[in-house]
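Below, all heavy atoms of this structure are taken into account, side chains as well, without hydrogens, waters or symmetry copies. Treat the numbers as computed from the prediction; the structure is a model and nothing was measured.
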Amino acid sequence: VGPERIRVAYQSCNPAFSAPMDASNLDSLRARLALPKDFVLFVGSLIERKGVRTLIEAASLLPQGERPHLVIAGTGPLEADLREQARRAGLESRTRFLGRVAGADLPGLYRLARVFAYPSVGEGFGIPILEALASGTPVVTSTGSCFAEAGGDAALYAAPADAGDLAAALARALGDEALRQGMIGRGLRHA
């Protein structure tokens, strides 16, 4: 096929993730879902390759006073094990499992998060990364697979299944406000 007949069509996400949102709607969602003020969000299936075990371990490696609240949206066969891991790590009171979240609530959920973490070991594209970026939420994800295409220069990257590397990336995204604001701006442009 001649190159003049080829056009690249980039993956996108629902425009709802970049649409303006009223602050009162966000406050209502926070109250309805009983969300903490600041939290790290994960959205996806609770299966091994998504890396939620690594996320919980990474949060436990951060100094006691810097451990973020985790909000985990999704269902899957690992949920009971992940709840137990959070309990053993002393994060039970700082980890909120939401189960399946209505599609209409997802854009607001991303916007309420301080950081979106997607420590998967491999994906076809990683659409939640794009949803977070379009929502103006900084992203910490994995190296390899398709993640650099989805996250571009807007995300921070950590080696898959490396809790220490993920903890360091989370600490940077949560603790450096200038970096965080830069990630938001680059993320909106990339999305």
Side-chain angles (χ1 to χ4, degrees), residues 7-19 21 39-59 68 70-79 82 95-174 179-191:
R7 183 173 55 90
V8 175
Y10 289 100
Q11 176 74 46
S12 188
C13 66
N14 188 316
F17 291 96
S18 57
M21 294 192 81
F39 60 91
V40 171
L41 175 65
F42 169 85
V43 175
S45 299
L46 303 184
I47 57 176
E48 202 64 51
R49 78 174 162 83
K50 296 293 186 175
V52 183
R53 288 185 200 273
T54 305
L55 176 59
I56 293 171
E57 183 181 352
L70 300 177
V71 172
I72 299 170
T75 61
L78 290 183
E79 184 172 344
L82 295 170
T95 305
R96 175 105 166 79
F97 288 85
L98 297 179
R100 187 172 307 282
V101 173
D105 289 338
L106 278 176
L109 184 59
Y110 279 109
R111 290 194 190 204
L112 290 170
R114 183 138 177 95
V115 171
F116 175 69
Y118 202 64
S120 178
V121 299
E123 297 291 328
F125 179 72
I127 197 81
I129 294 169
L130 187 55
E131 292 170 345
L133 294 177
S135 299
T137 303
V139 171
V140 174
T141 190
S142 301
T143 56
S145 187
C146 59
F147 303 115
E149 181 181 0
D153 68 346
L156 293 181
Y157 298 91
D162 185 331
D165 202 18
L166 181 59
L170 286 172
R172 286 184 63 211
L174 290 165
L179 172 67
R180 189 173 172 282
Q181 291 304 315
M183 290 173 72
I184 291 169
R186 287 189 306 276
L188 291 170
R189 283 190 301 278
H190 184 73

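Taking the side chain as every heavy atom from C-beta outward, P107 and M21 approach each other to under 4.5 Å. The shortest side-chain heavy-atom distance between V43 and V101 does not fall under the 4.5 Å cut-off. Residues L112 and F39 are in side-chain contact: their nearest non-hydrogen atoms beyond the backbone lie under 4.5 Å apart. Within the 4.5 Å cutoff, the side chain of L78 has heavy atoms near those of the E48 side chain. At a threshold of 4.5 Å between non-hydrogen side-chain atoms, the residues F116 and L133 do not count as touching.
For the residue pair A132 and V139, the shortest heavy atom distance occurs at CB-CG2, 3.6 Å. Closest approach of L179 and A173 over heavy atoms only: CD2-N, 4.4 Å. Residues I127 and S12 share a closest heavy-atom pair of CD1-O, 3.0 Å.
Judged as a salt bridge (charged side-chain N to carboxylate O under 4.0 Å, His left out), the pairs with a partner in residues 115-141 (not counting sequence neighbours) are, in order, R49-E123, K50-E123.
Under the 3.5 Å distance criterion, the side-chain polar atoms of S45 are left unmatched by any main-chain donor or acceptor of G76. In this structure, the side chain of H190 engages the main chain of A150 through a donor-acceptor pair within 3.5 Å. Although no hydrogens or angles enter the test, the distance criterion places a donor-acceptor pair under 3.5 Å between the side chain of S142 and the main chain of S120. A donor-acceptor pair is defined here as one N or O able to donate and one able to accept, closer than 3.5 Å; such a pair exists between the side chain of R180 and the backbone of R114.
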Show which side-chain atoms of residues 161-171 pair as donor or acceptor with protein atoms under 3.5 Å away, not counting sequence neighbours.
unit_1: D162; atom_1: OD1; unit_2: G164; atom_2: N; d: 3.2
unit_1: D162; atom_1: OD1; unit_2: D165; atom_2: N; d: 2.9
unit_1: D165; atom_1: OD2; unit_2: A159; atom_2: N; d: 2.8

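Here CD1 of I129 is found 10.0 Å from CD of E149. Values are rounded to the nearest 0.5 Å. Distance check, rounded to the nearest 0.5 Å: CZ of F125 to CG of L130 gives 5.0 Å. Residue S135 holds its OG atom at 9.0 Å from CG of L188, rounded to the nearest 0.5 Å.
Using cut-offs of 30° and 60° on the angle between ring planes, the pair Y118 and F42 is parallel.
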Could you check L109 against L98 for side chain to side chain contact (heavy atoms under 4.5 Å, CB included), going step by step and ending with a plain yes or no?
CA-CA 11 Å; L109 184 59; L98 297 179; 4.0 Å; yes

Y157 and F147: CA distance, side-chain angles, deciding distance, ring pair (Phe, Tyr, Trp, His ring centres under 6.0 Å) verdict:
CA-CA 9 Å; Y157 298 91; F147 303 115; 8.0 Å; no

Going through the checks in order, is the side chain to side chain contact (heavy atoms under 4.5 Å, CB included) test met by I72 and L46?
CA-CA 9 Å; I72 299 170; L46 303 184; 3.6 Å; yes

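Applying side-chain contact (heavy atoms from CB on, under 4.5 Å) to V40 and the options L174, T95, V140, V71 leaves one that passes, L174.
Applying the salt bridge (charged side-chain N to carboxylate O under 4.0 Å, His left out) rule to R111 yields no partners; only residues at least two apart in sequence or on another chain are considered.
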